[in-house]
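Below is one structure, written out as structure tokens, with a few remarks after it.
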2 protein chains.
Amino acid sequence: MREKRSTKGRPNSLDIAHRAGVSQATVSRALRGSPLVSEATRRRVVEIARELNYKVDKSASNLRTQRSNTLALLLFEDPTADGPAINPFFLSLLASITRACAQVGQDLLISFQQLSDDWQADYESTHKADGLILLGYGDFIEYRSKLDRLNRRGAHFVRWGSAHPGQAGPVIGCDNVGGGREMTRHLVSLGRRRIAFIGTKTKQYPEFRDRYAGYFRVLRESGLDIDPEMQVDAITTEESGYAAMKSLIDKNAPFDAVFGASDLIAIGAMQALLEAGYDIPGQVAIAGFDDIPAAAYARRPLTTIQQDTRRAGAILVESLLHLINDEPVKGRTIPGKLVVRDSCGAR
Amino acid sequence: MREKRSTKGRPNSLDIAHRAGVSQATVSRALRGSPLVSEATRRRVVEIARELNYKVDKSASNLRTQRSNTLALLLFEDPTADGPAINPFFLSLLASITRACAQVGQDLLISFQQLSDDWQADYESTHKADGLILLGYGDFIEYRSKLDRLNRRGAHFVRWGSAHPGQAGPVIGCDNVGGGREMTRHLVSLGRRRIAFIGTKTKQYPEFRDRYAGYFRVLRESGLDIDPEMQVDAITTEESGYAAMKSLIDKNAPFDAVFGASDLIAIGAMQALLEAGYDIPGQVAIAGFDDIPAAAYARRPLTTIQQDTRRAGAILVESLLHLINDEPVKGRTIPGKLVVRDSCGAR
DNA sequence: CTGAAAGCGCTTACAG
DNA sequence: CTGAAAGCGCTTACAG
């Protein structure tokens with residue numbers, strides 16, 4: 001019997017076995033908590049492992065079990081976003097995903113993919129990860145073909161977004177239509193009649209589209225005018241919200257409220273309004289969506305729809321694990337919550 | 001010769017070898033770009049691998065090479081921080097570290113450790129990662145013994161923080177003393193004479209301590225009074241800054257400027273000042289440190305010291321890789337940059 | 001330039 | 001409850 005005991009570096013399971021006077025197999029069993037090992041043996045092995053500071057080698061274990069117990073989080077940034085700025089909302093989500101992973105004993109790899117990257121650089125086929133969590137707004141059209149390809153390859157993945165029929169893989173997302181409705185109803189209830197919507201409403205941005213849909217429906221239900229001039233495109237950055245607001249101001253069409261499709265948009269728009277001398281909320285009410293940390297500390301504390309990122313992260317991780325275990329998973333929609341602050345004049 | 005060709009699932013290197021009519025060893029060499037392989041062979045192998053969508057199995061490769069090409073980012077949250085809130089500054093750093101890792105072909109594992117966790121749950125001894133990046137403010141005293149232990153174990157790690165003599169492992173950090181000086185000089189140059197400092201200055205918070213040291217020195221150099229009442233403890237949250245500011249206001253001691261040890265503190269303090277009816281910057285100038293994204297969109301756009309997170313991330317990753325390759329690494333200090341906005345009344 | 005062989009450190013079916 | 005053995009899929013010294 002030729003045995004490979006490690007001499008220099010880290011101890012291996014054989015070293016533990018020798019010290020404990022058992023076989024290497026027993027060490028492995030003991031450390032994994034197998035019921036096949038007697039309590040006395042288990043204790044001895046665990047104790048010696050602790051003494052020698054032995055830790056099971058993950059590469060070896062992964063190779064043998066064909067499982068990595070690792071999830072990969074791919075964050076897709078909007079291609080127009082440059083520099084280190086990332087939507088704070090996704091960072092909240094990232095934080096809660098990290099915690100959720102820790103709780104279920106999964107490791108988490110993260111990567112900020114550009115939308116243009118080739119996802120072939122697969123995490124799963126290299127066995128780096130057992131599944132993927134996809135995060136990001138971004139151009140849904142381009143996105144879609146890649147999702148389909150992932151699906152064909154049998155990849156395990158969940159996605160944060162807006163659920164729509166016929167999509168590849170389960171989608172977990174906020175109830176964007178409902179949130180859009182609730183916020184618009186709130187503004188209407190405060191007596192606002194000319195409510196602008198700032199955010200791109202094409203299907204490239206399904207979240208925004210849904211929020212717009214909620215807004216649209218409430219306007220209609222309330223018998224208010226739907227003026228196409230009252231919608232201005234913007235992606236989710238302060239800069240874009242700022243520019244969109246300026247262009248709306250330049251139109252010289254009257255408005256008494258602004259609903260930003262995201263908090264970043266709303267915060268940028270707020271800046272433009274204040275610079276132009278508008279009184280917020282006296283003259284113009286403003287509202288956002290997401291409840292990012294900065295919302296409460298904006299120049300006027302921002303009324304917004306709070307997304308439950310903590311729950312979202314937990315559900316994303318839980319769903320992905322189900323998928324990895326070949327259990328059925330369906331998409332979930334998480335309700336948002338209206339958070340009233342100063343910016344809309346409700347108080 | 002018994003050969004293990006994969007039947008069902010993913011192809012392995014032997015499958016590629018068969019198709020290409022070469023040995024499995026040659027496939028491995030070709031895919032790693034070994035110069036020992038002829039160009040023609042290499043091309044054939046690469047082409048077939050692409051066709052079959054073959055990817056080298058990372059667990060196997062890691063096990064064989066005893067390297068994971070993975071770094072682990074441990075983010076230590078302040079124990080008092082609850083909920084999903086994480087200092088946005090660290091999130092910026094996280095983002096830039098992610099990018100830096102991608103650029104050098106390293107994977108990145110992340111984990112939000114609590115300060116009280118046992119770091120024994122080692123990333124390195126399990127071969128999950130080749131080294132650690134440590135991020136976080138937090139109680140330095142408790143921290144220190146753990147750092148020393150990491151060091152004794154021969155772990156590879158770099159740390160973001162304030163460099164001080166005799167520390168375990170290389171520290172990369174902002175020039176906190178210099179930043180503190182620069183900001184204080186700026187406030188003095190604007191005619192402010194009673195400048196409060198909000199932030200804990202004990203050695204548990206070395207960054208804050210250094211910023212305070214810069215502040216203190218400039219006050220002294222400028223011949224200004226140093227009134228102990230003008231320093232109030234706070235950790236780096238808006239809540240803490242808010243509470244500290246309130247307590248300062250309650251002291252009824254006059255002040256004409258507030259230097260928050262971090263942007264979060266300054267933003268919280270700003271809130272307290274505005275609620276108490278102070279005019280910012282007319283009556284009280286306010287400044288922060290970090291230049292987090294929210295700083296520009298605070299109720300008064302905040303003058304602050306910008307930290308170069310992009311460069312910081314790159315240096316952290318680069319330093320850690322040197323360490324892993326047993327090359328000498330020394331700590332680095334990155335200068336901050338004064339960013340003047342409305343909150344200090346300079347314009 | 002290429003191949004055959006060993007071995008990285010585990011986990012687990014098999015046999016007792 | 002325990003051990004001996006096979007094997008996960010690679011990489012690389014060795015030999016040619």
Side-chain angles (χ1 to χ4, degrees), chain A residues 1-18 20-45 49 52-69 122 124-128 130, chain B residues 1-18 20-45 49 52-69 122 124-128 130:
Chain A
M1 183 164 88
R2 194 166 32 131
E3 290 181 346
K4 301 285 158 34
R5 267 209 271 172
S6 69
T7 45
K8 37 182 179 184
R10 317 202 162 289
N12 60 23
S13 56
L14 208 49
D15 296 322
I16 310 300
H18 274 273
V22 296
S23 74
Q24 182 268 331
T26 296
V27 170
S28 177
R29 290 196 191 98
L31 262 21
R32 315 198 93 221
S34 162
L36 293 175
V37 177
S38 77
E39 180 56 19
T41 306
R42 212 207 84 243
R43 265 219 269 274
R44 189 149 32 95
V45 168
L52 299 195
N53 217 259
Y54 168 75
K55 287 288 187 326
V56 174
D57 184 302
K58 243 240 174 178
S59 315
S61 170
N62 288 353
L63 176 58
R64 187 51 236 244
T65 59
Q66 301 289 75
R67 264 272 216 152
S68 66
N69 291 312
D122 263 348
E124 227 182 314
S125 60
T126 57
H127 280 152
K128 283 180 189 177
D130 300 327
Chain B
M1 186 164 86
R2 192 167 32 128
E3 291 181 346
K4 301 286 159 36
R5 267 210 270 172
S6 67
T7 47
K8 42 186 174 182
R10 315 201 165 289
N12 59 24
S13 55
L14 209 48
D15 296 320
I16 309 300
H18 274 273
V22 296
S23 73
Q24 182 267 331
T26 297
V27 169
S28 177
R29 291 194 191 100
L31 263 21
R32 313 199 95 220
S34 161
L36 293 176
V37 177
S38 79
E39 180 56 20
T41 306
R42 213 208 84 242
R43 265 217 269 274
R44 191 149 33 93
V45 169
L52 298 195
N53 218 261
Y54 167 74
K55 289 287 191 321
V56 173
D57 185 301
K58 245 240 174 178
S59 315
S61 170
N62 287 353
L63 176 57
R64 188 49 238 243
T65 60
Q66 301 288 77
R67 264 270 217 155
S68 66
N69 290 312
D122 263 346
E124 229 183 312
S125 60
T126 57
H127 280 153
K128 284 181 189 177
D130 301 326

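Order of the sequence lines fixes the chain letters, A, B, ..., with proteins taken first and strands second; residue numbering starts at 1 for each chain. Just so it is clear, the values below take in all heavy atoms, side chains as well, and ignore hydrogens, waters and symmetry mates.
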For this session: Round to the nearest Å and state the distance from A/Lys55 atom NZ to C/dC8 atom C1'.
Result: 20 Å

Problem set entry | Residue list, side-chain contact (heavy atoms from CB on, under 4.5 Å) with A/Ser13, at least two apart or on another chain | A/Gln24, A/Val27, A/Tyr54

Seminar exercise, completed: Heavy-atom closest pair (A/Ile16 atom, A/Ala49 atom, distance to 0.1 Å) is CD1-CA, 4.0 Å

For this session: Round to the nearest Å and state the distance from A/Lys58 atom NZ to C/dC10 atom P.
Result: 14 Å

Exercise. Counting only N and O atoms by type, is there a donor-acceptor contact under 3.5 Å from the side chain of A/Asp130 to the main-chain atoms of A/Arg67?
Worked result: no

Seminar exercise, completed: The dot-bracket string of DNA chain C, counting Watson-Crick and G-U wobble pairs with both distances under 3.5 Å, using [ ] for crossing pairs and | for pairs to another strand, is |||.||||||||.|||

Exercise. How close or far is atom P of D/dG7 from atom CG of B/Leu14, stated in whole angstroms?
Worked result: 14 Å

For this session: Would you confirm whether B/Lys58, through its side chain, and B/Ser68, through its main-chain N or O, come within 3.5 Å as a donor-acceptor pair?
Result: yes

For this session: May I have the distance from B/Leu63 (atom CG) to D/dG7 (atom C1'), rounded to whole angstrom?
Result: 12 Å

Exercise. Rounded to whole angstroms, how far apart are NE2 on B/His127 and P on D/dG9?
Worked result: 21 Å

Problem set entry | Where protein sits on nucleotides 11-16 of chain D, one letter per nucleotide: B base, S sugar-phosphate only, - none, heavy atoms under 4.0 Å | BBB---

Exercise. Can you check the A/Asn62 CG to D/dG9 P distance for me, whole Å?
Worked result: 13 Å

Exercise. Of all residues at least two apart in sequence or in a different chain, which pass the side chain to side chain donor-acceptor pair (under 3.5 Å) check with A/Thr65?
Worked result: none

Exercise. Taking only N and O in the side chain of A/Gln66, is any of them less than 4.0 Å away from OP1 or OP2 of D/dG7?
Worked result: no

For this session: Taking all heavy atoms of A/Val37 and all of A/Arg42, pick out the closest pair and write down the distance.
Result: CG1-N, 3.7 Å

Exercise. What is the distance, rounded to the nearest whole Å, between atom CZ of A/Arg67 and atom P of D/dG9?
Worked result: 16 Å

Exercise. Among all residues two or more places apart in sequence or in another chain, which pass the side chain to side chain donor-acceptor pair (under 3.5 Å) test with B/Ser38?
Worked result: B/Thr41

Exercise. If you measure from the C1' atom in D/dT12 to the same atom in D/dG16, how many Å do you get, rounded?
Worked result: 16 Å

Problem set entry | side chain to side chain donor-acceptor pair (under 3.5 Å) partners of A/Arg43, counting only residues at least two apart | A/Glu39

Exercise. A/Arg10 and A/Asp15: which non-hydrogen atoms are nearest, and at how many Å?
Worked result: O-OD2, 4.4 Å

Problem set entry | Value in whole Å for how far the P atom of D/dG9 lies from OH of B/Tyr54 | 10 Å

For this session: Tell me what B/Ser59 touches on the nucleic acid: a base, only sugar-phosphate, or nothing, going by heavy atoms under 4.0 Å.
Result: nothing

